[in-house]
Amino acid sequence: MTWAFAPDGFLIFKRATTTFDVSRIQFKYSDFRNIKAYSIANGYAAGTEPLYSFNAMVYQVYVSLFF
């Protein structure tokens, strides 16, 4: 989403905008094991740990000033 908050100019700038972006990132590896789960107490022997994966929500906000 982009918003022009000074379309007619501001000080020495001809215009200014701010942008907000949201991204969801999800990785699932098919050849990389989660070594943190390695433990006999957890029931995982070496080489049988669950595959590593993670999720992330990335928020970006930035301001652009054009002169």
Between Arg24 and Asn55, is the side chain to side chain contact (heavy atoms under 4.5 Å, CB included) condition met? List the steps.
CA-CA 7 Å; Arg24 177 162 169 74; Asn55 301 319; 3.8 Å; yes
Intermediate values then yes/no, side chain to side chain contact (heavy atoms under 4.5 Å, CB included), Tyr62 and Phe20:
CA-CA 7 Å; Tyr62 52 95; Phe20 177 72; over 6 Å; no
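Residue Leu51 belongs to no hydrophobic cluster, having no ILVMFWY side-chain heavy atom closer than 4.5 Å to its own.
Enclosure of atom CZ in Phe32 is not indicated, since only 12 or fewer non-hydrogen atoms of other residues, nucleotides or ligands lie within 6.0 angstrom.
Hydrophobic clustering (side-chain heavy atoms under 4.5 Å, transitive across Ile, Leu, Val, Met, Phe, Trp, Tyr) groups Phe13 together with Val63. If you chain together hydrophobic residues whose side chains sit under 4.5 Å apart, Met1 and Tyr59 fall into the same group. Hydrophobic clustering (side-chain heavy atoms under 4.5 Å, transitive across Ile, Leu, Val, Met, Phe, Trp, Tyr) keeps Phe54 apart from Met57.
Between the CZ atom in Phe27 and the OG atom in Ser53 there is a gap of 11.5 Å [rounded to 0.5 Å].
A donor-acceptor pair under 3.5 Å is absent between the side-chain atoms of Ser23 and the main chain of Val58, judged by distance alone.
Aromatic ring pairs are classed by plane angle as parallel below 30°, tilted from 30° to 60° and perpendicular above 60°; the pair Phe5 and Trp3 is tilted.
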